[in-house]
Amino acid sequence: MNWFDAICHAFAVMGLGGFSTHDASVGYFDSVAIEAVLIVFMLLAAMNFATHFLAWRDRSVAVYRHDTEALAMLALVLGSCAGVAWYVWHAGTYASFWTALRHVSFNLVSIATDCGFVSVDYVEWPIFAPMWMLFLSCVAASSGSTGGGIKMIRTLIIARQAGREILFLVHPNIVNPLKIGGAVIPNKVVLAVLGFIFVYFISVVTMTF
(Lines give C-alpha, C1' and ligand atoms only; values in the text may rest on other atoms or scores of the structure.)
Protein backbone atom coordinates (compact mmCIF):
# COMPACT_ATOMS: atom_id res chain seq x y z
CA MET A 1 0.00 0.00 0.00
CA ASN A 2 0.98 3.58 -0.43
CA TRP A 3 0.72 5.92 2.55
CA PHE A 4 -2.74 7.22 1.61
CA ASP A 5 -4.20 3.71 1.32
CA ALA A 6 -2.47 2.64 4.54
CA ILE A 7 -3.88 5.55 6.57
CA CYS A 8 -7.40 5.11 5.19
CA HIS A 9 -7.41 1.36 5.84
CA ALA A 10 -5.94 1.88 9.34
CA PHE A 11 -8.86 4.11 10.31
CA ALA A 12 -11.35 1.77 8.62
CA VAL A 13 -10.04 -1.35 10.37
CA MET A 14 -9.87 0.10 13.88
CA GLY A 15 -13.35 1.58 13.53
CA LEU A 16 -14.51 -1.68 11.89
CA GLY A 17 -16.11 0.44 9.20
CA GLY A 18 -14.62 -1.53 6.32
CA PHE A 19 -14.43 1.40 3.92
CA SER A 20 -11.73 0.88 1.30
CA THR A 21 -10.16 3.27 -1.21
CA HIS A 22 -10.82 0.76 -4.02
CA ASP A 23 -14.00 -0.78 -5.43
CA ALA A 24 -12.48 -4.27 -5.11
CA SER A 25 -11.76 -3.53 -1.42
CA VAL A 26 -8.74 -5.42 -0.04
CA GLY A 27 -8.93 -7.81 -2.99
CA TYR A 28 -7.42 -5.01 -5.07
CA PHE A 29 -4.03 -5.53 -3.41
CA ASP A 30 -4.03 -9.36 -3.64
CA SER A 31 -1.50 -9.48 -0.80
CA VAL A 32 -1.27 -12.16 1.88
CA ALA A 33 0.78 -9.78 4.06
CA ILE A 34 -1.83 -7.01 3.93
CA GLU A 35 -4.63 -9.47 4.67
CA ALA A 36 -2.71 -10.93 7.63
CA VAL A 37 -2.08 -7.50 9.16
CA LEU A 38 -5.72 -6.51 8.73
CA ILE A 39 -6.89 -9.79 10.33
CA VAL A 40 -4.82 -9.02 13.43
CA PHE A 41 -6.18 -5.51 13.77
CA MET A 42 -9.78 -6.53 13.04
CA LEU A 43 -9.54 -8.99 15.93
CA LEU A 44 -7.99 -6.32 18.17
CA ALA A 45 -10.74 -3.85 17.25
CA ALA A 46 -13.38 -6.48 18.07
CA MET A 47 -12.06 -6.77 21.65
CA ASN A 48 -13.10 -4.60 24.55
CA PHE A 49 -11.06 -1.38 24.42
CA ALA A 50 -11.00 -1.31 28.22
CA THR A 51 -8.95 -4.51 28.04
CA HIS A 52 -6.51 -2.81 25.67
CA PHE A 53 -6.26 0.12 28.10
CA LEU A 54 -5.48 -2.18 31.03
CA ALA A 55 -2.89 -4.06 28.98
CA TRP A 56 -1.27 -0.76 27.96
CA ARG A 57 -1.34 0.59 31.52
CA ASP A 58 0.13 -2.58 33.03
CA ARG A 59 2.52 -3.14 30.10
CA SER A 60 1.43 -6.79 30.09
CA VAL A 61 -0.51 -9.12 27.80
CA ALA A 62 -1.60 -11.15 30.84
CA VAL A 63 -4.75 -9.00 30.93
CA TYR A 64 -5.99 -10.69 27.76
CA ARG A 65 -5.65 -14.15 29.31
CA HIS A 66 -8.08 -13.11 32.06
CA ASP A 67 -10.65 -11.57 29.70
CA THR A 68 -13.26 -14.34 29.30
CA GLU A 69 -15.05 -12.44 26.56
CA ALA A 70 -11.92 -11.91 24.44
CA LEU A 71 -10.87 -15.55 24.79
CA ALA A 72 -14.34 -16.75 23.79
CA MET A 73 -14.39 -14.42 20.79
CA LEU A 74 -10.97 -15.57 19.59
CA ALA A 75 -11.83 -19.25 20.08
CA LEU A 76 -15.10 -18.93 18.17
CA VAL A 77 -13.73 -16.85 15.28
CA LEU A 78 -10.41 -18.67 14.81
CA GLY A 79 -12.07 -22.07 15.21
CA SER A 80 -14.63 -21.03 12.59
CA CYS A 81 -11.82 -20.00 10.23
CA ALA A 82 -10.33 -23.50 10.35
CA GLY A 83 -13.69 -25.28 10.13
CA VAL A 84 -15.15 -23.20 7.31
CA ALA A 85 -11.85 -23.33 5.38
CA TRP A 86 -11.95 -27.13 5.51
CA TYR A 87 -15.62 -27.11 4.44
CA VAL A 88 -15.02 -24.76 1.49
CA TRP A 89 -11.94 -26.72 0.41
CA HIS A 90 -13.75 -30.06 0.77
CA ALA A 91 -16.58 -28.68 -1.41
CA GLY A 92 -14.04 -28.11 -4.18
CA THR A 93 -14.16 -24.32 -4.22
CA TYR A 94 -10.36 -24.10 -3.97
CA ALA A 95 -7.79 -26.66 -5.09
CA SER A 96 -5.58 -26.10 -2.02
CA PHE A 97 -6.58 -26.08 1.65
CA TRP A 98 -4.10 -23.26 2.31
CA THR A 99 -5.72 -21.10 -0.39
CA ALA A 100 -9.09 -21.78 1.20
CA LEU A 101 -7.69 -20.96 4.65
CA ARG A 102 -6.29 -17.66 3.38
CA HIS A 103 -9.51 -16.44 1.77
CA VAL A 104 -11.85 -17.83 4.42
CA SER A 105 -9.80 -16.43 7.31
CA PHE A 106 -9.77 -12.89 5.96
CA ASN A 107 -13.38 -12.70 4.86
CA LEU A 108 -14.78 -14.58 7.85
CA VAL A 109 -12.92 -12.40 10.36
CA SER A 110 -14.03 -9.30 8.45
CA ILE A 111 -17.71 -10.26 8.53
CA ALA A 112 -17.64 -11.75 12.05
CA THR A 113 -16.19 -8.52 13.45
CA ASP A 114 -18.70 -6.44 11.42
CA CYS A 115 -15.88 -4.75 9.52
CA GLY A 116 -16.85 -5.44 5.93
CA PHE A 117 -13.56 -5.67 4.02
CA VAL A 118 -13.62 -8.34 1.29
CA SER A 119 -10.91 -10.00 -0.77
CA VAL A 120 -13.00 -12.46 -2.84
CA ASP A 121 -16.67 -12.96 -3.72
CA TYR A 122 -17.68 -15.28 -0.87
CA VAL A 123 -21.25 -15.46 -2.21
CA GLU A 124 -19.89 -18.11 -4.60
CA TRP A 125 -18.95 -20.36 -1.67
CA PRO A 126 -21.30 -23.13 -0.47
CA ILE A 127 -24.27 -21.48 1.23
CA PHE A 128 -23.36 -22.66 4.74
CA ALA A 129 -20.17 -20.54 4.76
CA PRO A 130 -21.71 -17.08 4.20
CA MET A 131 -24.66 -17.95 6.45
CA TRP A 132 -22.30 -18.94 9.28
CA MET A 133 -20.36 -15.71 8.73
CA LEU A 134 -23.63 -13.77 9.00
CA PHE A 135 -24.43 -15.57 12.26
CA LEU A 136 -20.99 -14.72 13.66
CA SER A 137 -21.54 -11.05 12.81
CA CYS A 138 -24.43 -11.10 15.30
CA VAL A 139 -22.59 -12.65 18.24
CA ALA A 140 -18.79 -12.41 17.95
CA ALA A 141 -17.72 -8.82 18.74
CA SER A 142 -16.97 -7.94 22.37
CA SER A 143 -18.71 -5.30 24.44
CA GLY A 144 -16.78 -2.03 24.51
CA SER A 145 -15.50 -2.66 20.97
CA THR A 146 -16.32 -0.97 17.68
CA GLY A 147 -18.18 -4.09 16.47
CA GLY A 148 -21.94 -4.55 16.38
CA GLY A 149 -24.34 -7.36 17.18
CA ILE A 150 -25.50 -8.60 20.57
CA LYS A 151 -21.86 -8.79 21.80
CA MET A 152 -19.98 -11.84 23.01
CA ILE A 153 -20.73 -11.21 26.69
CA ARG A 154 -24.47 -11.61 26.03
CA THR A 155 -23.74 -14.71 23.94
CA LEU A 156 -21.85 -16.20 26.90
CA ILE A 157 -24.66 -15.33 29.30
CA ILE A 158 -27.34 -16.91 27.12
CA ALA A 159 -25.22 -20.05 26.59
CA ARG A 160 -24.50 -20.42 30.32
CA GLN A 161 -28.16 -19.80 31.14
CA ALA A 162 -29.22 -22.53 28.68
CA GLY A 163 -26.92 -25.01 30.44
CA ARG A 164 -28.18 -23.79 33.79
CA GLU A 165 -31.83 -24.39 32.83
CA ILE A 166 -31.04 -27.92 31.64
CA LEU A 167 -29.31 -28.60 34.98
CA PHE A 168 -32.39 -27.31 36.83
CA LEU A 169 -34.51 -29.90 35.00
CA VAL A 170 -32.35 -32.67 36.45
CA HIS A 171 -31.79 -31.06 39.88
CA PRO A 172 -34.73 -28.67 40.59
CA ASN A 173 -33.41 -27.59 44.02
CA ILE A 174 -29.79 -26.98 43.08
CA VAL A 175 -28.18 -23.63 43.92
CA ASN A 176 -26.28 -22.79 40.73
CA PRO A 177 -25.53 -19.08 40.21
CA LEU A 178 -24.53 -18.01 36.72
CA LYS A 179 -20.91 -16.89 36.61
CA ILE A 180 -18.81 -15.22 33.90
CA GLY A 181 -15.10 -14.90 34.61
CA GLY A 182 -15.68 -15.69 38.28
CA ALA A 183 -18.29 -12.92 38.71
CA VAL A 184 -21.89 -13.83 39.58
CA ILE A 185 -24.42 -12.45 37.09
CA PRO A 186 -27.68 -11.35 38.80
CA ASN A 187 -30.90 -12.94 37.54
CA LYS A 188 -32.32 -9.55 36.54
CA VAL A 189 -29.35 -9.06 34.20
CA VAL A 190 -29.91 -12.51 32.70
CA LEU A 191 -33.59 -11.67 32.07
CA ALA A 192 -32.64 -8.34 30.50
CA VAL A 193 -30.18 -10.13 28.20
CA LEU A 194 -32.82 -12.70 27.22
CA GLY A 195 -35.26 -9.90 26.37
CA PHE A 196 -32.66 -7.99 24.34
CA ILE A 197 -31.59 -11.07 22.37
CA PHE A 198 -35.22 -12.00 21.64
CA VAL A 199 -35.96 -8.56 20.23
CA TYR A 200 -32.66 -8.56 18.29
CA PHE A 201 -33.22 -11.86 16.52
CA ILE A 202 -36.91 -11.21 15.87
CA SER A 203 -35.81 -7.95 14.20
CA VAL A 204 -33.23 -9.84 12.10
CA VAL A 205 -35.82 -12.42 11.01
CA THR A 206 -38.42 -9.75 10.23
CA MET A 207 -35.99 -7.67 8.13
CA THR A 208 -34.73 -10.81 6.38
CA PHE A 209 -38.27 -11.64 5.24
Side-chain angles (χ1 to χ4, degrees), residues 13-19 42-52 64 66-84 87 104-105 107-118 122-123 125-209:
V13 72
M14 291 311 297
L16 293 178
F19 296 104
M42 283 189 287
L43 291 173
L44 288 173
M47 293 181 188
N48 194 320
F49 275 57
T51 302
H52 295 321
Y64 297 103
H66 301 295
D67 187 337
T68 305
E69 190 179 21
L71 294 176
M73 184 271 290
L74 290 174
L76 178 61
V77 173
L78 297 180
S80 295
C81 287
V84 174
Y87 174 75
V104 167
S105 295
N107 291 279
L108 186 145
V109 170
S110 178
I111 300 302
T113 59
D114 300 304
C115 184
F117 286 135
V118 294
Y122 53 79
V123 176
W125 297 350
I127 189 63
F128 170 77
M131 291 300 292
W132 182 252
M133 291 159 61
L134 179 63
F135 168 72
L136 291 179
S137 73
C138 296
V139 302
S142 299
S143 59
S145 72
T146 53
I150 65 174
K151 308 297 188 183
M152 179 53 72
I153 188 63
R154 292 191 181 98
T155 305
L156 291 173
I157 289 174
I158 195 69
R160 300 278 176 87
Q161 179 63 13
R164 189 181 179 211
E165 291 297 331
I166 292 173
L167 189 61
F168 277 141
L169 291 175
V170 181
H171 304 285
N173 298 318
I174 193 173
V175 177
N176 182 33
L178 192 153
K179 294 183 179 180
I180 301 291
V184 175
I185 307 299
N187 285 332
K188 64 179 181 179
V189 173
V190 176
L191 291 174
V193 168
L194 288 171
F196 176 84
I197 292 176
F198 175 78
V199 171
Y200 182 92
F201 277 107
I202 287 297
S203 300
V204 170
V205 171
T206 302
M207 290 186 287
T208 299
F209 280 120

Undergrad: Is there side-chain contact between Ile158 and Leu194, with heavy atoms separated by less than 4.5 Å?
TA: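 Touching, per the 4.5 Å side-chain cut-off.
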Undergrad: Tell me, do Lys151 and Phe196 make a side-chain contact under 4.5 Å, heavy atoms counted?
TA: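 In short, these two side chains do not touch, never coming nearer than 4.5 Å.
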Undergrad: Just wondering, are more than 12 heavy atoms of other shown residues or ligands nearer than 6.0 Å to CZ in Phe198?
TA: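 No, not enclosed.
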Undergrad: Side-chain contact test, heavy atoms from C-beta onward, threshold under 4.5 Å: evaluate it for His171 versus Asn176 and give yes or no.
TA: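 No, side chains not in contact.
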Undergrad: Of all the heavy-atom pairs spanning Asn48 and Ser142, show the shortest one and how long it is.
TA: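 It is N-CB, 3.7 Å.
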Undergrad: List the steps, then state whether side chain to side chain contact (heavy atoms under 4.5 Å, CB included) holds for Ile111 with Leu136.
TA: CA-CA 8 Å; Ile111 300 302; Leu136 291 179; over 6 Å; no
Undergrad: Are Leu76 and Val139 packed together at the side-chain level, in the sense that at least one heavy-atom pair is separated by less than 4.5 angstrom?
TA: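 The answer is yes, as the side chains (C-beta and beyond) meet within the 4.5 Å cut-off.
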Undergrad: Taking all atoms of both residues into account, what is the closest heavy-atom pair of Tyr87 and Ala129, and its distance?
TA: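 Closest heavy-atom pair between Tyr87 and Ala129: CE2-N, 4.3 Å.
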Undergrad: Please report the shortest heavy-atom distance between Gly116 and Ser110, naming the atom on each side.
TA: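 In terms of heavy atoms, the two residues are closest at N-OG, 3.1 Å.
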Undergrad: Which heavy atom in Asn107 sits nearest to a heavy atom in Tyr122, and how many Å separate them?
TA: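 Minimum heavy-atom separation between Asn107 and Tyr122: OD1-CD2, 3.9 Å.
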Undergrad: Can you check whether Met14's main-chain N or O pairs, donor with acceptor, with Thr146's side chain at less than 3.5 Å?
TA: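 Looks like yes, one N/O pair under 3.5 Å.
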Undergrad: Which label fits Phe128 and Trp132: parallel for a plane angle under 30°, tilted from 30 to 60°, or perpendicular past 60°?
TA: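 It falls in the parallel class, under 30°.
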Undergrad: Within this structure, what is the OG1-CD1 distance for the pair Thr68 and Ile180, rounded to the nearest 0.5 Å?
TA: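 Result: 7.0 Å between the selected atoms.
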Undergrad: Ignoring hydrogens and angles, write down the donor-acceptor pairs under 3.5 Å from the side chains of residues 200-209, residues two or more places apart or on other chains.
TA:
residue	atom	partner	partner atom	Å
Ser203	OG	Val199	O	2.8
Thr206	OG1	Ile202	O	2.7
Thr208	OG1	Val204	O	2.7

Undergrad: For a quick test of reading the model, state the closest non-hydrogen atom pair linking Ala141 to Gly147 and the distance between them.
TA: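 Nearest heavy atoms, Ala141 then Gly147: CB-CA, 3.8 Å.
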Undergrad: Nearest 0.5 angstrom please: Asp67 CG to Thr51 OG1, how far?
TA: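 If we round to the nearest 0.5 Å, Asp67:CG and Thr51:OG1 are 3.5 Å apart.
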Undergrad: State, yes or no, whether a side-chain contact exists between Leu78 and Leu43 at a heavy-atom distance under 4.5 Å.
TA: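 Yes. Closest side-chain heavy atoms under 4.5 Å.
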Undergrad: Check whether any side-chain heavy atom of Tyr64 sits under 4.5 Å from a side-chain heavy atom of Leu74, and report yes or no.
TA: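 A side-chain contact under 4.5 Å is absent here.
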Undergrad: If every non-hydrogen atom of Ala112 is compared with every non-hydrogen atom of Ala140, which pair is closest and at what distance?
TA: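 Here Ala112 and Ala140 meet closest at O-CB, 3.6 Å.
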Undergrad: Would a 4.5 Å heavy-atom cut-off, applied to side chains only, mark Val190 and Arg160 as touching?
TA: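 No, too far: nothing below the 4.5 Å cut-off.
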Undergrad: Measuring from Arg164:CZ to Ile174:CD1, what's the distance to the nearest 0.5 Å?
TA: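 Result: 10.0 Å between the selected atoms.
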Undergrad: Measuring only between side-chain heavy atoms, which start at C-beta, is Asp114 closer than 4.5 Å to Leu16?
TA: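 No; the side chains remain at least 4.5 Å from each other.
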Undergrad: Hey, what do you get for OG (Ser143) to CE (Met73), rounding to the nearest 0.5 Å?
TA: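 Output value for this atom pair is 10.5 Å.
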